[in-house]
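Just so it is clear: chains get the letters A, B, ... in the order the sequence lines come, proteins before strands, and each one is counted from 1. Remember, it's a predicted structure, so these values are computed and weren't measured experimentally.
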Number of protein chains: 2
Amino acid sequence: MKGAGKRDARPRFDRIYTLMRSRICMLDYPPGMRLREEDLAEEFETSRTPIRRVLARLEDEGFLRSMHGVGTIVTDIDIDSLQQVYQLRVELAELVGKLSPVPPDAARRAEFRALLARCDHLRGAPDAREFARINTDFFHLLMTLTANEPLREFSERLYYQTTRIWLKHAARLTRYEDMLEAEIRFFRHEVSDIVAAIESGELEVVGHIRRSHVAMSFARLYAEAHPQSP
Amino acid sequence: MKGAGKRDARPRFDRIYTLMRSRICMLDYPPGMRLREEDLAEEFETSRTPIRRVLARLEDEGFLRSMHGVGTIVTDIDIDSLQQVYQLRVELAELVGKLSPVPPDAARRAEFRALLARCDHLRGAPDAREFARINTDFFHLLMTLTANEPLREFSERLYYQTTRIWLKHAARLTRYEDMLEAEIRFFRHEVSDIVAAIESGELEVVGHIRRSHVAMSFARLYAEAHPQSP
DNA sequence: GTGCGGTCATTTGTACACAACATCATGCAG
DNA sequence: CTGCATGATGTTGTGTACAAATGACCGCAC
């Protein structure tokens with residue numbers, strides 16, 4: 001059973017890892033779900049060994065938890081842990097554009113404008129999954145503004161951790177549709193502000209805008225989860 | 001129900017992982033060295049499988065690089081990458097004591113004072129490895145000042161990356177002995193400052209002191225490596 | 001001497017069988 | 001009926017044989 005293009009191990013590893021992480025963060029694998037190595041091996045047409053390599057990394061990064069004799073389950077995160085993650089994410093957000101800033105070229109700036117257009121299109125037809133996708137694409141675009149590799153790596157970890165939890169808590173809300181529409185408006189505003197800052201070449205300003213929006217995003221989420229406001 | 005159950009495979013994994021990371025960072029495994037899975041399996045009295053689990057994590061964290069048919073080699077880092085790591089480390093240093101600060105109790109404060117005593121003892125008999133050990137112990141003590149788990153994890157990654165490179169570059173210098181003695185004095189000064197700040201309960205000040213000392217430490221290293229001073 | 005091609009040794013990557021472990025169902029004693 | 005011991009069942013962890021891949025070595029043509 002020789003598959004085409006499967007000879008090298010790293011591309012396949014990256015493919016499976018990225019896909020599984022995406023599934024976890026899009027809640028296709030919701031928190032608490034049990035993953036069977038055998039099933040995954042079958043799906044990706046391989047044996048358990050390469051699968052276990054991927055699961056090990058996802059476990060090291062806190063997305064999964066394997067227990068001998070029990071299974072591999074998708075982790076859940078309480079609101080307190082989430083707060084810690086958000087606090088750090090806020091700080092790192094400001095560092096993008098401050099550490100090793102990379103001014104975007106014309107093509108990159110066009111990508112930012114294209115994403116703004118996707119926002120406008122989304123407002124016409126609100127959809128949580130599409131919102132999450134645009135959010136992720138926007139995040140990766142922002143990461144191109146810094147050349148600091150450790151900063152990019154850590155920001156990515158924190159982003160994916162918070163995103164999946166955001167989706168989970170959002171799905172619980174009763175006024176879900178209204179909330180989604182409001183969040184899309186907030187997000188569109190953020191993208192608009194940042195695109196403007198980018199066009200003017202102020203990368204440090206981008207960091208400040210991003211920081212405040214991430215912080216406000218968490219504040220709204222926290223307020224929804226703790227509705228004991230006076 | 002949560003039992004007092006302790007995972008079986010985990011302690012051994014942690015033991016091997018910690019030991020190997022220590023060896024890498026103490027340059028017992030110098031950059032470029034080739035590690036053979038078979039040898040490691042024999043040393044730790046197990047098979048290649050658990051070893052590969054450890055190597056996978058060390059590779060994900062950037063300490064190793066495995067290549068099919070070649071071997072697993074300890075990575076090297078150029079001065080530019082090191083600069084990026086240091087820049088981020090400086091920023092994170094300041095966040096300790098700012099995010100989820102944990103005031104140290106009497107026992108913990110005693111540990112800080114004990115470490116200061118070890119510094120004084122070290123000044124009488126300068127030794128690079130002992131210096132590195134005290135440095136690491138001090139780092140871990142500082143990490144107890146914050147409860148922010150992601151911050152602790154990332155700081156640890158960056159610390160170990162920079163430490164091993166510091167040792168490597170330091171070992172190259174001709175005036176190695178003088179430089180070591182000077183660095184020990186600088187370090188003793190830093191510990192003294194931080195202990196004073198801790199005794200006065202100013203955790204945010206601790207972050208500032210640490211930040212400036214980490215930055216200055218890199219500046220000295222960078223100056224030594226690029227001796228084109230005017 | 002130099003370049004080239006093939007052969008071989010060495011090492012990591014993969015597949016699979018089995019062991020270790022946890023959970024749940026079952027049956028029996030009280 | 002309840003409580004507990006015990007085995008059945010399923011899952012991850014480990015050991016091991018083999019496949020794949022790289023680099024070194026050697027021989028040979030020119």
Side-chain angles (χ1 to χ4, degrees), chain A residues 1-20 23-24 29-76, chain B residues 1-20 23-24 29-76:
Chain A
M1 45 190 282
K2 277 282 192 71
K6 283 186 186 171
R7 293 177 205 84
D8 207 352
R10 193 141 330 195
R12 181 179 68 173
F13 171 83
D14 289 337
R15 209 187 76 238
I16 299 178
Y17 165 78
T18 303
L19 181 55
M20 289 198 61
R23 286 178 180 173
I24 292 173
Y29 295 156
M33 179 175 179
R34 219 173 71 212
L35 303 177
R36 292 190 337 114
E37 299 178 349
E38 202 84 39
D39 290 348
L40 294 168
E42 189 180 357
E43 175 184 353
F44 294 107
E45 295 175 318
T46 179
S47 74
R48 281 177 57 209
T49 307
I51 296 297
R52 285 179 59 78
R53 175 69 177 84
V54 173
L55 294 183
R57 175 156 179 180
L58 289 169
E59 182 174 5
D60 288 337
E61 296 183 340
F63 293 107
L64 300 176
R65 174 97 188 197
S66 289
M67 282 170 297
H68 193 175
V70 179
T72 303
I73 64 171
V74 180
T75 56
D76 198 358
Chain B
M1 284 300 179
K2 47 183 61 178
K6 200 78 178 74
R7 280 85 190 169
D8 223 352
R10 196 127 194 166
R12 182 177 68 170
F13 170 82
D14 288 338
R15 208 187 80 238
I16 301 178
Y17 166 77
T18 304
L19 181 55
M20 289 197 63
R23 286 179 180 173
I24 292 173
Y29 295 157
M33 179 175 179
R34 220 174 72 214
L35 303 177
R36 293 190 340 112
E37 299 178 350
E38 201 84 40
D39 291 346
L40 293 168
E42 188 180 356
E43 176 184 351
F44 293 106
E45 294 175 319
T46 180
S47 74
R48 282 176 56 207
T49 308
I51 297 297
R52 285 178 59 77
R53 174 72 177 80
V54 174
L55 295 182
R57 174 155 178 182
L58 289 169
E59 183 175 4
D60 287 339
E61 295 183 343
F63 292 107
L64 299 176
R65 172 100 189 197
S66 289
M67 282 170 298
H68 193 174
V70 179
T72 303
I73 64 171
V74 179
T75 56
D76 198 358

Q: Grab the CG-P distance between B:L40 and C:dT12 for me, whole Å please.
A: 9 Å

**Q.** Atom-pair distance (CZ on A:R48; C1' on C:dA19), nearest Å
**A.** 12 Å

Q. Do A:R10 and C:dG13 share a donor-acceptor pair, side chain to base, under 3.5 Å?
A. no

Q | Check: B:E59 and B:T72 side chains under 4.5 Å, non-hydrogen atoms | A | no

(Q) What verdict does the side chain to side chain contact (heavy atoms under 4.5 Å, CB included) test give for B:M20 and B:L55, after you've listed the backbone C-alpha separation in whole Å, the side-chain angles of each residue and the deciding distance to 0.1 Å? (A) CA-CA 9 Å; B:M20 289 197 63; B:L55 295 182; 3.9 Å; yes

Q) Can you check the B:L55 CG to D:dT14 P distance for me, whole Å? A) 14 Å

Q: Just need the stems in DNA chain C: three or more back-to-back Watson-Crick or G-U pairs, each with both distances under 3.5 angstrom, sorted by first number.
A: C:1-30 with D:1-30

(Q) If the cut-off is 4.0 Å, is A:R52 near the phosphate of D:dG13, judged by side-chain N/O to OP1 or OP2? (A) yes

Q. What integer distance in Å separates B:E42:CD from D:dG15:P?
A. 14 Å

Q) Is it true that a side-chain atom of B:T75 and a backbone atom of B:F63 form a donor plus acceptor pair closer than 3.5 Å? A) yes

Q.
Tell me whether the side-chain N/O atoms of A:T46 come closer than 4.0 Å to OP1 or OP2 in C:dA15.
A. yes

Q. Looking at B:R53, does any N or O in its side chain come under 4.0 Å of the phosphate oxygens OP1/OP2 on D:dT14?
A. no

Q | Atom-pair distance (CG on A:D39; C1' on D:dT12), nearest Å | A | 14 Å

Q) Any salt bridge between A:D60 and B:R53, counting N to O under 4.0 Å? A) yes

Q: Check the distance between C:dT14's P and A:F44's CZ and give it to me in whole angstrom.
A: 14 Å

Q) For A:E38 and B:P50, take the nucleotide of DNA chain D holding the closest heavy atom to each; which residue's nucleotide lies nearer the 5' end? A) A:E38

Q | Atom pair CG/CZ of A:D14 and A:R12 - distance to nearest 0.5 Å | A | 11.5 Å

Q) Within a strict 4.5 Å, meaning less than it, do heavy atoms of the A:L64 and A:I24 side chains meet? A) yes

Q) Taking OP1 and OP2 of D:dG15, is either one under 4.0 Å from a side-chain nitrogen or oxygen of B:S47? A) yes

Q) Is there a donor on the side chain of A:T49 or the base of C:dG13 sitting less than 3.5 Å from an acceptor on the other? A) no

Q | Atom pair distance, as rounded to whole Å: CZ in A:F13 and C1' in C:dG13 | A | 13 Å

Quick test: give all pairs of protein nitrogen or oxygen and nucleotides 9-11 of chain C nitrogen or oxygen below 3.5 Å, distance rounded to 0.1 Å.
unit_1: C:dT11; atom_1: OP1; unit_2: B:R34; atom_2: NH2; d: 3.3
unit_1: C:dT11; atom_1: OP2; unit_2: B:R36; atom_2: NH1; d: 2.7

Q | Point-to-point distance, once rounded to the nearest 0.5 Å, from CZ of A:R57 to CD1 of A:I16 | A | 13.0 Å

Q. Would you call A:L19 and A:R23 a side-chain contact if the rule is heavy atoms closer than 4.5 Å?
A. yes

(Q) With rounding to the nearest 0.5 angstrom, report the OG1 to CG distance, A:T46 to A:L40. (A) 11.0 Å

Q | Value in whole Å for how far the P atom of D:dG13 lies from CD1 of B:I16 | A | 15 Å

Q) Hey, are B:E45 and B:R15 close enough for a salt bridge, meaning a charged N less than 4.0 Å from a carboxylate O? A) no

Q) Looking only at side-chain N and O atoms, does A:R12 come under 4.0 Å of OP1 or OP2 in C:dT14? A) yes

